[in-house]
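In the text below, chain A, chain B and the rest are named by the order of the sequence lines, each starting its count at 1.
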Amino acid sequence: MLRRLYVFLVRLHPRRFRQRFGDEMLWIYDCAATRADRAWLVADALLSALRQHTIRSSNERAGGEASEGALAGAPAFVSLDFPEAPRPLVLLRGMLATVLVWWVFSLGMQVESNNRKRDFGVVPTGSRYVSDGHLVMSHAATDAGHDEPARLAWREIRKLWSSARARVVSTARPATTRLGSDAKRGPDTWYLPGLILHQLDPDRAGRTPHSLSGLDGNRDGRISVREWGLGFGMVGTGRTPDVFHVLDADGDGELSRDEIADAFRVLKSLDRNGDGKLTLDELQAARAP
Amino acid sequence: MTTYSESDITESELVMAGNVDEYLPLSPATLHILLALAGEERHGYGIMQEVAQQSDGRYKLGPGTLYDNLQRLMTQGLVQESARDGEEESRRRYYRLTPVGRRVLSVELDRLEQVVLRGRLRLQTPKPRRS
């Protein structure tokens, strides 16, 4: 990859220079031992190409009579000392070279940006929670046509991001225990907190660093309705956090340490058919008087 | 190794070189390249290695900068390509100083020597104290 880039940069040099020294430059590149050396050579070739198309081209046409100090491979600012103004064509080539460099730089930034977006994963439809200061999302719950959950999810992400309350990362963990995954698809199911049952399983605690306590944003040992809603993206949606009220045994609007510790047992007890998943019907049945 | 003396510099070369002072002061890159070629003719990679050795690795000369300077030095007649037959690697080209290049380097070293001497004297002479 680097060699191709180097060859490309060598080809950017003026034809006369390229024909004269191109093979030697490639030979020297091939002699470079380390990746750092090769990267340095790439940078050198880039500067050399820019220099050849700006400073050198006008000087060569002028017969190489410019002063030594202005022509010794020095940075471009030395060109200000040129006794003759650069020709318009030279300036044009310099501008094109600058645009090309800027375009390559922008392209690199764009690729990096896309990679970061890819890290976030496809916008989830239900499995996200705040844990250890991270907003964790699952890719598995992605379904085509769920534009509304996607929009809401990104709104929450932006909110977290702007308030610097959490760093956004992603996980490819499949939402095998996503609550409501067997329920009807639609806006009534997407926000149900997936992965909770899985995360709270004491038998798997050693392998799963995240837990329900991760929702405790202010680290006071209790989970408020807001912290719960923030964790599952339900803030501002007007939806009732069903699972929260199921876990809130004393009904004080907060999950205490004991209620958090008991969460797995409670949720598992609601799984009537024992399939490891909680459907919307099972949750609603648990809340029924 | 090719060696030259002052008498080897032809009149036409001196005319081409013009006033040697016009080439001075030499830039660091040019000075290192001429110094690297002062001892023997070298190929590009050899020049880079020699420059790194001269400066204890503090001055790294990239091939772009190297050949840019070599191109100019050849145009000015300070360096010329050395013809070698039967090279194992066709990509290798050797360069050597011309008599004019050697003279320019010599004058530059004399100038630098004066600079060093003056600098040392300045450092050794205590500054007069203002009362």
Side-chain angles (χ1 to χ4, degrees), chain A residues 6-7 9-34 36-57 59-76 78 81, chain B residues 16-34 42-52 57 59-82 87-95 101 104-105 107-108 111:
Chain A
Y6 191 78
V7 170
L9 291 173
V10 170
R11 286 177 180 168
L12 285 182
H13 285 71
R15 179 184 297 176
R16 193 170 63 173
F17 185 93
R18 188 175 67 236
Q19 290 176 342
R20 180 69 180 78
F21 301 110
D23 281 346
E24 290 180 80
M25 290 178 72
L26 283 176
W27 170 59
I28 291 175
Y29 179 88
D30 292 336
C31 291
T34 66
D37 288 342
R38 290 191 287 272
W40 176 71
L41 291 177
V42 167
D44 175 78
L46 175 63
L47 290 176
S48 173
L50 290 173
R51 186 168 49 223
Q52 288 294 325
H53 283 287
T54 53
I55 302 175
R56 296 295 182 239
S57 55
N59 179 61
E60 291 302 323
R61 288 192 181 91
E65 295 176 353
S67 64
E68 170 79 16
L71 293 172
V78 182
D81 296 334
Chain B
M16 183 179 69
N19 186 358
V20 172
D21 290 339
E22 290 181 1
Y23 296 94
L24 308 181
L26 297 179
S27 70
T30 304
L31 177 62
H32 279 292
I33 291 172
L34 294 183
R42 298 177 189 274
H43 49 67
Y45 190 53
I47 295 174
M48 288 173 56
Q49 290 179 314
E50 178 64 18
V51 169
Y59 189 80
K60 290 184 71 176
L61 196 62
T65 305
L66 169 68
Y67 290 117
D68 175 63
N69 280 275
L70 278 178
Q71 183 184 40
R72 180 177 47 77
L73 290 172
M74 285 192 288
T75 303
Q76 293 174 334
L78 305 185
V79 171
Q80 68 183 43
E81 188 176 334
S82 176
E87 283 299 319
E88 292 180 358
E89 291 188 62
S90 60
R91 289 196 288 184
R92 286 189 184 184
R93 291 182 178 180
Y94 284 77
Y95 304 91
V104 168
L105 177 61
V107 174
E108 172 70 352
R111 186 188 70 82

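The OG1 atom of B:T65 sits 7.0 Å away from atom CG of A:L47, with the distance rounded to the nearest 0.5 Å. Note that NE2 of B:H43 is 9.0 Å distant from CD1 of A:I28, once rounded to the nearest 0.5 Å. Atoms CZ and CD, from A:F21 and B:Q71 in turn, are 5.0 Å apart once rounded to the nearest 0.5 Å. Within the model, atoms OH of B:Y67 and CD of A:E24 stand 3.5 Å from one another, a figure rounded to the nearest 0.5 Å.
Counting all heavy atoms, side chain and backbone alike, A:L41 lies closest to B:P63 at CD2-CD, 3.2 Å. Smallest separation of non-hydrogen atoms from B:D68 and A:R51: OD2-NE, 3.4 Å. Residue B:Y45 comes nearest to A:C31 through the heavy atom pair CZ-CB, 3.7 Å, listed as atom of the first residue, atom of the second, then distance.
The number of heavy atoms from other shown groups lying within 6.0 Å of CZ (A:R11) does not exceed 12.
Contact annotation for B:I33: neither backbone nor side-chain heavy atoms come within less than 4.5 Å of a heavy atom of chain A.
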- Might you work through the side-chain contact (heavy atoms from CB on, under 4.5 Å) test for A:D37 and B:K60, ending with a clear yes or no? CA-CA 11 Å; A:D37 288 342; B:K60 290 184 71 176; 3.9 Å; yes
